[in-house]
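Beneath this line is the structure, given in structure tokens, with notes to follow.
Computed from a prediction, not measured in an experiment: that's the story for all the values here.
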Amino acid sequence: MKLIRNINNLKLQDNSCILTIGNFDGVHLGHQKLLNLVCKKKKEYNKPITVAIFEPQPQEFFCPNDPPIRLMKFREKVRYLSNWNIDSILCIYFNHSFSLLNPIDFVIRIILKKLNVSFLAIGENFRFGIHRKGNVTLLKDMGKTHNFEVYTTKILKINGIKISSTAIRTALKNHDLKLAKMLLGRSFSISGKVTYGKQNGTMIGFPTANIILCKKRMLINGVFIVKVFVFSTKKTFFGVANIGTQPTMLGIEKKLEVHLINVSINLYKEHIEVIFLKKIRNEIFFSSIKSLQQQIKYDIKQANSYFNNYYNKS
């Protein structure tokens, strides 16, 4: 799979392709429906698949002071998209000049001339071009004129709830990991590289793997029961994670800390994925280190009980 950064690095296509476009933030079940569709069409058309995404995401460009909190980082998005049988990801740089692009020019310059699209799959609420004037009707009309097929997928619903990145953000803000999992099609997770910390966890008897969070705003905060997947070894471990600032240790920087249960392993510099299963409590200030240690022991006890019950049911 190729990652093409920006339209300027896209060579003119001699052979046509199958295309889907969107933010794909979270790669949730609605996105997966689009991806499954284009993979099915790949066999039918015998043509390569291109997935076009935007960086920054349009709402981040238009609302820089209060953008929606991302469900996943760019690197995570590319990794999840690579699970499908696609040939390339086109990352379109969303800047001022691109935001002013006329919808018809977008179709002619990018969909036709740059990508030579034969089949386009989009969500029914897809909008594009200046002032979001471009829509499904325009695409289908131009498809008839320029000989490319346009297929739209309807918004999926689960228990009457529309599946969208916004709905998942709301579920996470409400600490509803179960609903977020239902809409995503998997448990919410955060991945990153383990960095060297202040060794506070080791000092109090509970060593942690630390991931610096790119942004101060997070969809979830507090203490969680988690699974930890290590990419280099493909191994999974059980743990307890905290997202916060370590108020008892007078911390300032928000970070993700994970303590692995019943195992001692050095994860420094490893790339890991922390999979959130259940929230235990909010992060709070403890008046003494002893009180903090007692709480962590209780958190680990809850996590062990959770995993024991889970596997006994299985």
Side-chain angles (χ1 to χ4, degrees), residues 20-38 51-64 66-84 89 91 94 121-127 132 152-192 211 213-229 241-244 254 256 258 272-280 282-283:
T20 184
I21 312 172
N23 287 322
F24 288 91
D25 187 25
V27 193
H28 55 60
L29 287 176
H31 298 140
Q32 292 173 36
K33 184 177 180 180
L34 275 173
L35 293 167
N36 288 332
L37 172 64
V38 292
V51 176
I53 59 177
F54 303 101
E55 279 293 326
Q57 294 177 168
Q59 285 181 292
E60 293 172 338
F61 174 81
F62 290 114
C63 305
D66 188 30
I69 302 174
R70 288 197 181 201
L71 294 173
M72 55 174 45
K73 296 179 291 187
F74 175 75
R75 179 176 178 174
E76 292 172 308
K77 185 186 298 186
V78 170
R79 176 167 59 83
Y80 269 99
L81 288 172
S82 68
N83 290 327
W84 274 263
I89 296 174
C91 180
F94 199 98
I122 50 174
E124 64 178 345
N125 61 347
F126 180 69
R127 299 289 185 276
R132 292 168 53 87
T152 59
T153 58
K154 292 186 177 182
I155 297 175
L156 292 178
K157 291 183 180 181
I158 293 181
N159 296 337
I161 300 172
K162 292 181 179 179
I163 298 177
S164 69
S165 299
T166 300
I168 296 166
R169 291 187 194 101
T170 301
L172 291 170
K173 287 178 181 178
N174 292 333
H175 316 293
D176 195 342
L177 291 176
K178 185 177 180 180
L179 177 57
K181 179 181 180 179
M182 194 182 301
L183 301 177
L184 278 167
R186 66 183 184 282
S187 296
F188 177 70
S189 66
I190 297 173
S191 67
I211 295 176
L213 301 172
C214 297
K215 296 183 179 180
K216 294 182 179 179
R217 294 197 307 156
M218 289 297 298
L219 287 163
I220 58 174
N221 293 276
V223 180
F224 300 84
I225 297 169
V226 300
K227 288 196 296 186
V228 177
F229 178 75
N242 179 73
I243 294 182
K254 186 170 287 188
L256 166 57
V258 186
I272 66 174
E273 180 178 20
V274 182
I275 303 160
F276 296 87
L277 304 176
K278 182 181 179 181
K279 183 169 183 177
I280 300 176
N282 291 326
E283 184 183 50

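The distance from the CD1 atom of Ile163 to the NZ atom of Lys157 is 11.0 Å, given to the nearest 0.5 Å. One distance of note links CG of Leu71 with CG of Leu172; it measures 6.5 Å at 0.5 Å rounding. With rounding to the nearest 0.5 angstrom, the CZ atom of Phe126 is 9.5 Å from the CZ atom of Arg132. Rounding to the nearest 0.5 Å places OG of Ser164 at 8.5 Å from NE2 of His31. Distance CG/Leu184 to CG/Leu177: 10.5 Å, rounded to 0.5 Å. Atom CG in Asn242 sits 8.5 Å away from atom CZ in Phe224 (nearest 0.5 Å).
Contact annotation: the side chain of Lys254 approaches that of Leu213 to within less than 4.5 Å [non-hydrogen atoms, C-beta and beyond]. The shortest side-chain heavy-atom distance between Lys162 and Leu156 does not fall under the 4.5 Å cut-off. In this structure, Phe24 and Met72 have side chains that are not in contact, with every pair of non-hydrogen atoms separated by 4.5 Å or more. Put simply, the side chain of Tyr80 does not reach to within 4.5 Å of the side chain of Leu35, judged on heavy atoms. Between Ile168 and Asp25 there is no side-chain heavy-atom pair separated by less than 4.5 Å. Side-chain contact check for Lys181 versus Lys178: every heavy-atom pair is 4.5 Å or farther apart.
In terms of heavy-atom proximity, Phe61 sits nearest to Pro56 at CB-CG, 4.3 Å. Taking every heavy atom of both residues into account, Phe276 and Ser189 meet most closely at CD1-CA, 4.0 Å. When every heavy atom of Met182 is checked against every heavy atom of Leu29, the shortest pair comes out as O-CD1, 3.2 Å. Between Leu183 and His28, the shortest heavy-atom contact is O-CB, 3.5 Å. In terms of heavy-atom proximity, Gly123 sits nearest to Leu34 at N-CD1, 4.0 Å. Between Ile243 and Ile220 the shortest heavy-atom distance is CG2-O, 3.5 Å.
Ring planes of Phe94 and Phe62: perpendicular class, angle over 60° (limits at 30 and 60°).
Between Glu55 and Arg70, at least one side-chain N (NZ, or NE/NH1/NH2) sits under 4.0 Å from a carboxylate O, which counts as a salt bridge.
Asn221 and Glu283 form no side-chain donor-acceptor contact under 3.5 Å, judged by distance and modelled atom types alone.
Residue-environment remark: CD (Gln59) stays at or below the threshold of 12 foreign heavy atoms within 6.0 Å. Counting heavy-atom neighbours within 6.0 Å of Asn159 CG, excluding the residue itself, gives a total of 12 or less. Atom NZ of Lys33 is surrounded by more than 12 heavy atoms from other residues, nucleotides or ligands within 6.0 Å. For Lys73, the NZ atom is densely surrounded, since the number of other residues' heavy atoms within 6.0 Å is greater than 12.
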Begin from the C-alpha positions of Leu81 and Ile53 and carry the test side-chain contact (heavy atoms from CB on, under 4.5 Å) through to its verdict.
CA-CA 11 Å; Leu81 288 172; Ile53 59 177; 4.3 Å; yes

Lys173 vs Leu219, test: side-chain contact (heavy atoms from CB on, under 4.5 Å). Steps then yes/no.
CA-CA 5 Å; Lys173 287 178 181 178; Leu219 287 163; 3.8 Å; yes

Which is it for Ser191 and Arg75 under the side-chain contact (heavy atoms from CB on, under 4.5 Å) test, yes or no, and what are the steps along the way?
CA-CA 9 Å; Ser191 67; Arg75 179 176 178 174; over 6 Å; no

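A donor-acceptor pair under 3.5 Å is formed between the side chain of Thr20 and the backbone N or O of Ala121. Counting only distance, with no hydrogens or angles, the side chain of Lys77 and the backbone of Asn23 share a donor-acceptor pair below 3.5 Å.
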